[in-house]
Amino acid sequence: MPRSEPLLALSALMARRVGLMWDQAEPDWANLDAQDFGATASRHRVVGLALQSAKTELLPRSALMALEQRWRLESMRAMRQGSDLLRLLDSYDNAGIPVLLIKGQGFSELVYGDWTVRGVASDADFVIPPSDVAEAHRVMTKLGYYCDHDEGRVAPLAGWRGRYCRWLHYERYYASPDHLHVDVHWRPLPGSASWTRFDRLWTSRSAVHLHGRQVYVPGPVDTVRISAGQGVPDGWPNLRSSVDLLAAATLLGPADLAKLKLEDSLVSAALNQAPGILLHGNPRWSSEGREPNRSHLRREWQLRRRTDSLPKAAARSVLGYWAPARRLMPMDPATTHPAFRQ
């Protein structure tokens, strides 16, 4: 299905932003519908990236004004999220828990040199040591967050059940009615490839300044790996997913990038797919509904087998479906959000 004119225009801007040769038909720049263009940019989460593109002179004034209006609203929400993020980081510091920020504002500062350019995040993503997961849970509940996984049944954290949970899963989702939602990871992706261990990530970390303080993010190589692990299994849900990966890849020199592609088949596959997504689009973008669950499970399996040994990938896939950790414990009214209590 052909792309709409607003999506074609955004694809052309994003492709040029990351240095791709635009070899498709040029959009009808002069006759772009401003409101449709702004709505499409928001849906693909590239409002800030489009405004900072080197080719914004191609856009009519009305389209630029639509982007700027949406950007002002997104910036205000991003500032609120930044305030929540600082509160969380301060609480983790006080508890003695080291934190790496993945995606979100930390990624934006590292890759684009501007924490605002990626706009509003759906949540914050932390990576912490597996040994600190229980303490992190206490920090989150003290701040008013609740664990929102599996209809309120909170997976165990201690004893053999906790070890099983940390082996099988890789994150916990925390929600709050008034603040930024948070994914607390003990591995950045499913699987247990050696590079996903927290001590490895911490050793190669980078420091960026965010909201007046220093925070830590994964180093350039790990940032590329994490971006690849987001784009491929999620099926490149929007333009930003491919732009982020290609922009992150520019942090590496040609020799380092070539070496990484040889070592990591997931990165190689993602870097082969992302340019085509920008230049030719994604059939999923033409559909309003979600893709079939079977397609998601198939890509999740491809991600696991590329970030784990084959036996472990198979075991985690089967057990994750038939015996997730939360089934080992009944609902606990003390830790379950009221909306899910029976």
Side-chain angles (χ1 to χ4, degrees), residues 80-106 121-190 192 196-203 205 207 210-218 226 316 320 323-342:
R80 168 65 186 275
Q81 290 184 341
S83 176
D84 288 344
L85 187 60
L86 288 182
R87 185 176 71 110
L88 288 161
L89 291 174
D90 287 342
S91 298
Y92 275 68
D93 284 349
N94 292 336
I97 303 174
V99 174
L100 284 172
L101 297 184
I102 58 174
K103 301 184 286 185
Q105 295 183 5
S122 57
D123 53 32
D125 290 86
F126 297 169
V127 182
I128 65 171
S131 58
D132 288 330
V133 170
E135 180 62 27
H137 180 71
R138 285 189 283 271
V139 170
M140 299 302 291
T141 54
K142 187 176 180 180
L143 291 172
Y145 285 82
Y146 59 92
C147 187
D148 193 27
H149 269 322
D150 301 312
E151 298 181 344
R153 283 190 280 187
V154 179
L157 296 173
W160 69 268
R161 293 181 179 89
R163 291 193 295 273
Y164 176 72
C165 175
R166 291 191 293 272
W167 177 83
L168 181 61
H169 304 295
Y170 68 102
E171 65 176 352
R172 299 188 76 178
Y173 176 73
Y174 289 90
S176 168
D178 302 314
H179 300 288
L180 178 67
H181 296 185
V182 182
D183 283 341
V184 177
H185 300 249
W186 46 95
R187 294 190 304 273
L189 298 172
S192 58
T196 64
R197 290 169 41 192
F198 181 83
D199 56 346
R200 289 280 298 271
L201 293 168
W202 189 255
T203 299
R205 69 189 184 279
L210 207 59
H211 307 296
R213 64 164 288 171
Q214 180 174 273
V215 301
Y216 295 110
V217 297
I226 293 169
R316 284 193 172 105
R326 51 105 174 161
R327 291 188 181 176
L328 302 178
M329 292 184 71
M331 285 192 177
D332 180 1
T335 58
T336 300
H337 187 257
F340 296 109
R341 292 178 187 169
Q342 295 176 334

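Since this is a predicted model, take the numbers as computed values, not measurements. One-based numbering along the sequence shown.
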Pairing residues for D132 by the salt bridge (Lys or Arg N to Asp or Glu O under 4.0 Å) criterion, not counting sequence neighbours: none
Test side chain to side chain donor-acceptor pair (under 3.5 Å) applied to D199 - qualifying residues, sequence neighbours left out: R197
L201: side chain to side chain contact (heavy atoms under 4.5 Å, CB included) partners, not counting sequence neighbours: L100, V127, P188, W195, D222
Step-by-step side chain to side chain contact (heavy atoms under 4.5 Å, CB included) determination, L210 to L85: CA-CA 10 Å; L210 207 59; L85 187 60; 3.9 Å; yes
Ring-face cation of R187 near Y170 (centre distance under 6.0 Å, axis angle within 45°): no
Over all atoms of both residues, closest heavy-atom pair of W202 and V99: CZ3-O, 3.7 Å
Set of residues satisfying side chain to side chain donor-acceptor pair (under 3.5 Å) with respect to R80, sequence neighbours excluded: none
Side-chain heavy-atom pair L89, R213 within 4.5 angstrom cut-off: yes
Parallel, tilted or perpendicular: ring planes of H137 versus Y174, cut at 30 and 60 degrees: tilted
Inter-residue atom distance H181.NE2 - S122.OG, 0.5 Å rounding: 10.0 Å
S83 backbone acceptor or donor facing H211 side chain under 3.5 Å: no
Qualifying residues under side chain to side chain contact (heavy atoms under 4.5 Å, CB included), relative to D125, sequence neighbours excluded: I102, K103, D123, D183, H185
Exercise: identify the closest heavy-atom pair between A124 and L180: CB-CD2, 3.6 Å
Separation between CZ of R172 and CD1 of I128, rounded to the nearest 0.5 Å: 10.0 Å
Closest heavy-atom pair and its distance - Y92, A136: OH-CB, 3.8 Å
Test side chain to side chain contact (heavy atoms under 4.5 Å, CB included) applied to V184 and V133, step by step: CA-CA 8 Å; V184 177; V133 170; 5.7 Å; no
Any donor-acceptor pair under 3.5 Å from W186 side chain to F198 backbone: no
Side chains of Y216 and L101 in contact at under 4.5 Å (non-hydrogen atoms): no
Contacts of L143 that satisfy side chain to side chain contact (heavy atoms under 4.5 Å, CB included) - sequence neighbours left out: R87, L88, S91, V139, Y145
Contact summary for A95 and E135, nearest pair of heavy atoms: CB-OE2, 4.0 Å
Q81 and H179 side chains, donor-acceptor separation under 3.5 Å: no
